[in-house]
Amino acid sequence: MTLVGRESVLHILDEALRRCAPGEARTVLVEGAAGCGKSELLDAFSERASEAGALALSAVGSTAERTLPLGVMRQLAACAGPWSLPEPEADDEPPRAAAMLAFSAALRGPTPTTPVVACVDDLHLADDASLSYLAHILRHARSAAFLLVGSTPLHDSGQHRDFRTELLRRGSITRVRLSRFTPEQTATALTGPGQPDRPARLVTELHAYSGGNPLLLRALTEEYEWTVSQTEAGPHPGPDASGPRFPAPDGLFVAAVESCLRRSHPGTYEVAQALAAVDSDITNQELARLAGLSVQHVTRCLASMTAAGIVEHRRFRHPVVGTTLLDRVEPADRARLHRRAAEVLHAAGKPCTVVAEHLMAAWQDGADLPGHAWVSDLLREAAEHLVDRDVSQQAAALLELAHDITTDLQQRAEIKTRLAAITWRFNPAKAEQHLSLPLDMLRAGELAVERLAPLATLLVRQGRVAEAREVREMRRRQAGEAGEYTVAVLDAEDATPNEGTGWRPSGDFPDSEAVRCEEFLRYMTLQHFSLQDATLLPLARAVRTLIYAEQPERATWWCNRWGEAAARHNSPTWQAVFATLQAEALLRLGDLTGAEQHALLALDHLPQRSGNAFAGSPTAFLIRARTAMGRHAAAATQLEQPVPETLFRSVHGLDYLYARGLHWLATGLLRAALADFLEVGRLTQEWGMDRPCFLAWRGSAAETFLRLGDHQRAEKLILEQLATPDAGRAWVHGTSLRLRAALQPSRQSLPLLHQAVDELRRSGDRVELARALADLGQALTETGDAARAAAFSRQAWGLAESCGAHVLRDRIPPSALSEAGPAPASALQEAPPADSECRLSESERRVATLAARGYTNRQISRELYITVSTVEQHLTRVYRKLDITSRQDLPADLQLAAP
C-alpha cells in the first residue's frame, strides 16, 4: 500500500544510484510529513540497492538516542557485514579528523566500483557526532561511489544548520517530496489485486478520514476490517451504527495519529491538544496564546499537521481524534486549558455560546473560573441563545453555573427565577425547587422590588396562584398601591391574553369567548408565532376557554396542533400541557378512553410525576376518567401517589381536589367527598376563580348533600350555581337542571329533565347527557309512561356504553330498557321499525340514528361527512315524517344501520 504512487520517487533514487556507481558521491533527501511513507520507501530502496550489488547500510535517528555519540554511525557500521568498517571514534568533541578520514576511506569497499548506499531514516534526529562524520564523508569522498539517502520531515525546525548547509551547498544533492495519496491512489491501494471488495463509498470515507496519509489509511483500514469482523451481520460500522464504534478512541487509527504527531515538529502534540480543546475557528495568534508558544512555532506545527492530513483548515478530519487527544490531558491541565481558551476566545470576540462551553468544561474539570463580571453575564447571555435554539437543558446548566459563581444575592435570586422558567420546560419538579431562594427572600423582605414582577409572572404561568398572590400583594404594598388586588388566573375576560403577540380582536364579539379564542389561535398560527415562555400561557388559556365555551372538539384540534409544535421545540413539559388540555377536552366530550390515554401521555412527558404541582392536573383527569369508567382501584392507585406541598397552592391542586372528591363520591365516602368539594369552593372564591364552567364544585357538593339526605343545602348550592353568569352556558345549565330535578317529585321533575337533556345535547358532553337521559327515563317510569321511559333509558344505556361509562350503564336496570319482557342483548337491537320509520330515506335513517344516540349536529356532520346544514335539513324531514317536534322524541330503537 505504501509504495502506491511512489514510482517516480523510486526512479529518482535508482538514477542517483546509477550515477554514483562510477565514483560520484551523491545525496538524496526524502522530505515528507509524518506517516507519508518515508521509512517504507527507504527500506524498499535499500533492498533494491542490495539486489543491484551495492553495499546497503541502514540507520534510524531517534529522539531517545540523540545524546548518544555516533549512534547512527555505529548502526551503519553494523550493517557492513563481511565488509568490515572501522569502529567510529568520538573521544573528542568534535570527532578527530583522522578517525573520520579512516572511516571515509573504508567506505570505498573492497572494490572501487562497489557503490555504498547509506539510508538514514529520520536524519534530523541523528546525533551531532554522526552528522559530523556524514558531513566529512560528503566533503572528502566526492569521487567515491557513495550515496546518502536521508529522510526528514517537512517544516524542519532548522536544527543542525551546519549539516544542512553542507548538504545544500553541494550540487550533487537531490530533494524529493513525498505527498499524501490522492483519491485515485487511495482507491488503487484499497481495491487493487489481493484486496477484499470494498464499496466506493467506504473508500471515499477512508480517504477523507485519513487525508490520504498512508500510515493513517493503513491503520484505519485494519481497524475497519476488525470492527466488521466483530459485528455479527457485518454492517458498515460508524459513529451512528450499532455494534463496535469506528474509529474507536483506543483503536489503531487514533494511535497512528498520535504517532504522527509525536514524530512531527517538536511541540506538535501539545498544539494538537490545544486545537482539540478549542474545536472552533481560531487564528494562529489566538492558538499561540492558548498553547503558550510563539506564533512561528504554532504556525510550523499546524503546517506539519496539515501536511500529514491530520487537520484541515485547523479542524481534525475526524472528531474522534480531537476528543481523544483532549480526554488524555490530565484533568487539572485540561481545566486550565479550557479556562485559558475561554479567556482567549472572549477577548477575540467569539460567540458567547462558544466561550460558555469552555467555561462550563473548565468548571466541570475543577477549575476556578475568572472572577470577572463578564463571566456571569456571558453565561446568562449564552443561556438565552440556547433557549432560542430549544436547547433548554444546556441553557439551564449554564444558568446554574452563573448562579454558583455569583456572589450578589439579588443577582442570584434573579438567576434562580429565570432558571426556574427554563427548567420548567423539561422538569417542573426541579423548576419548583429553583424558586425556593427567591420565595424565601421575598418572605424575609430581602427581595428587591424589580425582582417581584418576573417572579409573579412565572408563578402565574406555573399555576401557583397562592404564591403569585403573595408576591403581587408584596409588590402592591411596596409600590404603595391602594385597593384590593385580585388574581383571576382563569377568568373568562383574561382567557385570551395578547400581551407580546400583537393580536387584537378584528371585531366585536359580545358573549362569544369561543370566537375570540379561535381568532386568536388562528392569528398565532398565521403569524408563525413559535412557542415561547411568553406565548405558552396565552395559547393554553385560549384552548381551555374553548373547552368551557362549549367547543371542546375545537380544543382537541388545537391541542394536536400546538402539541406537535411543542415536540419540535424539544419541550416535554409543553407537550404535557397540551396533552393535559386534550384530556380535559375529551372528558368534556365524554370520551373517557381518550381522556385516560392523553392524561397518561401527559404524565409520561414528566420526569418526576409526584414531585411537582403541574402533574396534579393530568393526574386529576386520569382519576376522573377512570372513576367514570368504574375503574376505582386504578383511580385509587393514583391517589396513593405522594404529592408535593406546593400542589394545593396551585390551580393544579384544584383539579386534583375536585377529581379526588368525585372518586370519594363514586365510592361512597360522602363526607370525604364533601370536604374536598367545599375546599375547592373556598380556594376558587379566595383566588378569584369561582367559575362553574371551570370546576362545578357547587353541583358536585349538591349531589353529595342529596345522597346525605340534606336537600335544603343541596338546593341552596344548585340555586347559587344557577345564579352565576356561567349558568347561561349549556353545560352548566344542563347539569344544574338535572340536579334540581332530583329535588322535585317525579312528575314535576319532567320539564326540568327535558330541558336538561336539550342543554346537554348542545354542550356535547355525552356522559352528562347519558346521566340526564337515565334520570328522565327513571322519572317517566315512576309516572307510568313506560314506552317513553324505555326509549330514553335505551338512549342513556347506548351513550354510556359508547363512552365507556360502565358504572352509569350498569345503574340502568334491564327492565328499564324494554316496555315488557327481558332486556335485549344490545340496547340498540329492538323491535322492527314502525311504518312511519320505514318511510325514511337511507340518509335520513343514518342522521336519525345518531341523533337518537345523543350526537350533536356537528358530531353527526363529522361522522357522516356532510355539512351541519344538511344534518338540520334531514332532521326537519325526519320530524315531519315521524310527526314529532324535537330529537328527544326520536324513537331510541330505530333499526338503522350504524354509519
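None of these values were measured; they are calculated from a predicted model. Side chains are part of it too, since the values below use all heavy atoms of this structure and drop only hydrogens, waters and symmetry mates.
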Side chains of [X] and [Y], heavy atoms from C-beta outward: is any pair under 4.5 Å?
X: Thr299; Y: Val295; result: yes
X: Asp250; Y: Val254; result: no
X: Val120; Y: Ser151; result: no
X: Arg6; Y: Leu178; result: yes
X: Leu42; Y: Asp121; result: yes
X: Gln273; Y: Tyr269; result: yes
X: Leu55; Y: Val117; result: no
X: Leu13; Y: Leu17; result: no

Which heavy-atom pair separates [X] from [Y] by the least distance, and what is that distance?
X: Arg180; Y: Gly211; answer: NH1-O, 2.6 Å
X: Val320; Y: Ala248; answer: CG2-C, 4.2 Å
X: Ala277; Y: His338; answer: O-CE1, 3.9 Å
X: Leu337; Y: Leu290; answer: O-CD1, 3.6 Å
X: Ala342; Y: Val355; answer: O-CG1, 3.6 Å
X: Ala16; Y: Leu147; answer: CB-CD1, 4.0 Å

- Task: Give a yes or no on this: more than 12 heavy atoms of other residues, nucleotides or ligands lie within 6.0 Å of atom CZ of Arg328.
- Result: yes
Return the [atom1] to [atom2] distance between [X] and [Y], rounded to the nearest 0.5 Å.
X: Leu131; Y: Leu123; atom1: CG; atom2: CG; result: 6.0 Å
X: Tyr209; Y: Arg317; atom1: OH; atom2: CZ; result: 12.0 Å
X: Leu302; Y: His265; atom1: CG; atom2: NE2; result: 11.0 Å
X: Phe146; Y: Thr114; atom1: CZ; atom2: OG1; result: 14.5 Å
X: Leu369; Y: Ile405; atom1: CG; atom2: CD1; result: 5.0 Å
X: Asp122; Y: Thr63; atom1: CG; atom2: OG1; result: 8.0 Å

Taking the side chain from [X] and the backbone from [Y], do they hold a donor-acceptor pair closer than 3.5 Å?
X: Ser130; Y: Val72; result: yes
X: Ser50; Y: Glu47; result: no
X: Lys38; Y: Ala33; result: yes
X: Asn213; Y: Leu215; result: yes
X: His297; Y: Pro266; result: yes
X: Gln75; Y: Val60; result: yes
X: His313; Y: Arg315; result: no
X: Glu286; Y: Thr283; result: yes
X: Gln185; Y: Thr182; result: yes
X: Ser264; Y: Ala34; result: no

- Apply side-chain contact (heavy atoms from CB on, under 4.5 Å) to the pair Ile310 and Cys260, showing each step before the final yes or no. CA-CA 9 Å; Ile310 298 172; Cys260 288; 3.8 Å; yes
- Query: What residue among Val278, Leu287, Asn284 forms side chain to side chain contact (heavy atoms under 4.5 Å, CB included) with Arg314?
  - Reply: Asn284
- Would you mind telling me which of Val28, Asp14, Val30 makes a side chain to side chain contact (heavy atoms under 4.5 Å, CB included) with Phe45? Asp14
- Query: After noting the C-alpha distance and the side-chain angles of Thr323 and Phe316, does the key distance pass the side-chain contact (heavy atoms from CB on, under 4.5 Å) rule?
  - Reply: CA-CA 10 Å; Thr323 55; Phe316 293 100; over 6 Å; no
Pair [X] + [Y], salt bridge at N-O below 4.0 Å:
X: Arg198; Y: Glu225; result: yes
X: Arg218; Y: Glu223; result: no
X: Arg334; Y: Asp365; result: yes

- Query: Can you check whether Phe246 and Tyr224 have ring centres sitting under 6.0 Å from each other?
  - Reply: yes
- Query: Given Leu325 and Val321, is the side-chain contact (heavy atoms from CB on, under 4.5 Å) satisfied, shown in steps?
  - Reply: CA-CA 6 Å; Leu325 290 176; Val321 175; 3.9 Å; yes
- Going through the checks in order, is the ring-ring contact (aromatic ring centres under 6.0 Å, His included) test met by His358 and His346? CA-CA 10 Å; His358 291 287; His346 175 66; over 10 Å; no
- Under 3.5 Å side-chain donor-acceptor pair for Ser46 and Asp43: no
- List the steps and the verdict of side-chain contact (heavy atoms from CB on, under 4.5 Å) for Glu65 and Asp127. CA-CA 7 Å; Glu65 298 182 359; Asp127 58 278; over 6 Å; no
